[in-house]
Number of protein chains: 2
Amino acid sequence: MKNFLLQGSANAEEIKKADILDTATILFANKGFTNTSMTEVASLTGIVGATIFYHFKTKEELFVSVLENVKTGLVEAFSLYFQEEHFPSGLERLLGAIAYHLHIAEIKKEWFLLLRRHYTHELAAVNPTCRQHLEVVYTCLVEIFEKALTIGQEDGSVGQLSAKKTALIILAMVDGIIQLESNNLYNAGTLYSELLASCRKMVENK
Amino acid sequence: MKNFLLQGSANAEEIKKADILDTATILFANKGFTNTSMTEVASLTGIVGATIFYHFKTKEELFVSVLENVKTGLVEAFSLYFQEEHFPSGLERLLGAIAYHLHIAEIKKEWFLLLRRHYTHELAAVNPTCRQHLEVVYTCLVEIFEKALTIGQEDGSVGQLSAKKTALIILAMVDGIIQLESNNLYNAGTLYSELLASCRKMVENK
DNA sequence: GTACTAACTGACTGATCAGTCAGTATTGAA
DNA sequence: TTCAATACTGACTGATCAGTCAGTTAGTAC
């Protein structure tokens with residue numbers, strides 16, 4: 001009854017699929033691929049185990065779709081941020097990007113958990129579609145920092161350095177902090193301002 | 001026959017156990033806990049599946065022993081390094097420690113893969129022994145950087161900063177780089193010298 | 001109402017795996 | 001030689017799970 005307007009329409013399946021994807025994202029992110037069963041995803045979406053195979057042929061296909069979803073979400077979030085924010089200098093743009101990265105990592109923990117799962121990278125080595133999604137994500141993240149650094153070098157706020165390599169180092173650094181926090185080894189939240197200060201010292205023009 | 005001198009002696013079991021631990025370390029590190037079967041570990045150690053349960057009561061017990069082994073190895077490696085090396089300044093000590101960290105991560109990839117596995121951290125949240133091993137490792141790694149920074153502040157090579165927080169940031173950074181490399185997304189090896197330069201800029205006294 | 005299709009289901013299969021257990025082989029000590 | 005302990009084994013159990021399939025239900029078009 002609840003779906004009577006949609007049943008059979010082009011949207012019905014899309015909505016159900018999106019439902020499954022949301023559930024699967026959280027489960028894959030938090031429990032990993034192997035420890036998440038298709039039946040579990042189905043149940044939490046309100047369908048019976050076997051039905052999920054009607055929407056996604058295999059577990060791997062579901063996983064790749066989840067990754068694609070995360071990719072789209074991440075790329076959109078950053079593109080929106082840079083549409084709305086403007087910065088006095090390349091250096092400030094870099095620091096803004098880092099802060100926003102940390103912010104998204106907090107409100108969308110699943111995304112970053114999923115990206116860090118070993119299975120994601122193991123599958124990428126073997127499944128071209130998966131690899132492509134993963135590459136888009138990482139390229140996007142690196143290029144954000146790289147662009148800010150390049151702008152900063154043009155306006156004089158950033159010193160002499162390889163924009164590409166420094167962007168990679170900053171990404172590794174930000175990711176490392178996110179990870180420290182999610183592993184509960186230290187309350188890394190208190191490190192955010194320290195991290196920004198460190199990055200400033202690392203790249204600023206003296 | 002091959003064990004006839006050892007059979008029954010106090011050492012026989014220890015040697016067999018060490019054998020199993022070496023195999024299990026590599027498997028757990030590369031395939032994860034769930035995707036490694038006890039039978040597989042046993043076979044690769046030259047015993048029949050069921051026999052492994054004679055040496056380790058459960059799979060979890062085996063995992064914790066593997067982690068303990070890694071902990072001991074890591075702590076020993078660093079303690080040896082600092083016994084043999086001496087540095088002109090705290091800053092140089094820090095850079096030496098970072099370089100050595102990257103070096104061990106290269107020759108003992110399994111150790112760092114294991115430490116980064118999600119299962120390791122999930123188990124630590126639930127198993128006190130596991131948690132203790134993990135804490136010893138991280139405390140050791142952080143304190144190495146922290147000590148170098150403190151020495152550097154005393155001798156004037158390192159600027160005004162929180163040694164503890166900066167040590168955490170550097171650890172996150174180094175770990176992030178190791179991870180970038182092991183995920184094959186970029187050839188992070190070429191980033192090592194850039195990383196050291198960045199760290200120098202981050203902490204040096206100006 | 002009939003015919004057709006999309007969405008869904010329950011019951012099943014075959015495979016894998018942690019852990020058990022009753023029993024065998026090997027060895028050192030008496 | 002006997003005894004007891006140590007190290008090991010093969011056969012088994014019970015549970016989980018991805019994926020299949022034949023069939024049912026619900027909605028749509030005519």
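Sequence lines set the chain letters: A, B, ... in the order given, protein chains first and strands last, and positions in each chain run from 1.
With hydrogens and angles disregarded, a donor-acceptor distance shorter than 3.5 Å links the side chain of B:Y81 to the backbone of B:G96.
The separation between A:I15 atom CD1 and C:dA7 atom C1' is 14 Å, rounded to whole Å. Counting to the nearest Å, the C1' atom of D:dT13 and the CZ atom of B:F53 are 13 Å from each other. Rounded to a whole Å, the CG atom of A:L27 is 15 Å from the C1' atom of D:dC17. Straight-line distance from the NZ atom of B:K17 to the P atom of D:dC8: 12 Å, rounded to whole Å. Nucleotide D:dA7 holds its C1' atom 11 Å from the CD1 atom of B:I20, rounded to whole Å. When rounded to the nearest whole Å, the span between NZ of B:K16 and C1' of D:dC8 equals 10 Å.
OP1 or OP2 of C:dA7 sits under 4.0 Å from a side-chain N or O of A:Y54. The shortest distance between the side-chain N/O atoms of A:H55 and the OP1/OP2 oxygens of C:dA6 is not below 4.0 Å. B:T51 has no side-chain polar atom (N or O) that falls below the 4.0 Å cut-off from OP1 or OP2 of D:dA7.
The side chain to side chain contact (heavy atoms under 4.5 Å, CB included) check on B:K31 picks up B:L27, B:N35, B:T36, B:E40, with sequence neighbours excluded. Residues meeting the salt bridge (charged side-chain N to carboxylate O under 4.0 Å, His left out) test with A:E143, sequence neighbours left out: none. The salt bridge (charged side-chain N to carboxylate O under 4.0 Å, His left out) test applied to B:E110 returns no partner, not counting sequence neighbours. A:E92 is linked by a salt bridge (charged side-chain N to carboxylate O under 4.0 Å, His left out) to A:R200, counting only residues two or more places apart in sequence or in another chain.
Around NZ of B:K201, the count of heavy atoms belonging to other residues, nucleotides or ligands within 6.0 Å exceeds 12.
Of the residues in residues 57-64 of chain B, none lies under 4.0 Å from DNA chain D by heavy-atom distance. Within residues 28-43 of chain B, no residue has any heavy atom under 4.0 Å from DNA chain D.
Ring geometry for A:H118 against B:H118 counts as perpendicular: the plane angle is over 60°, on a 0 to 90° scale with 30° as the lower cut.
Aromatic rings from A:F63 and A:Y119 are positioned such that their centres are separated by under 6.0 Å. Less than 6.0 angstrom separates the ring centroid of B:H101 from the ring centroid of B:F112.
Side chain of A:A50, nearest nucleotide from D:dG10, C:dA18, C:dA11: C:dA11.
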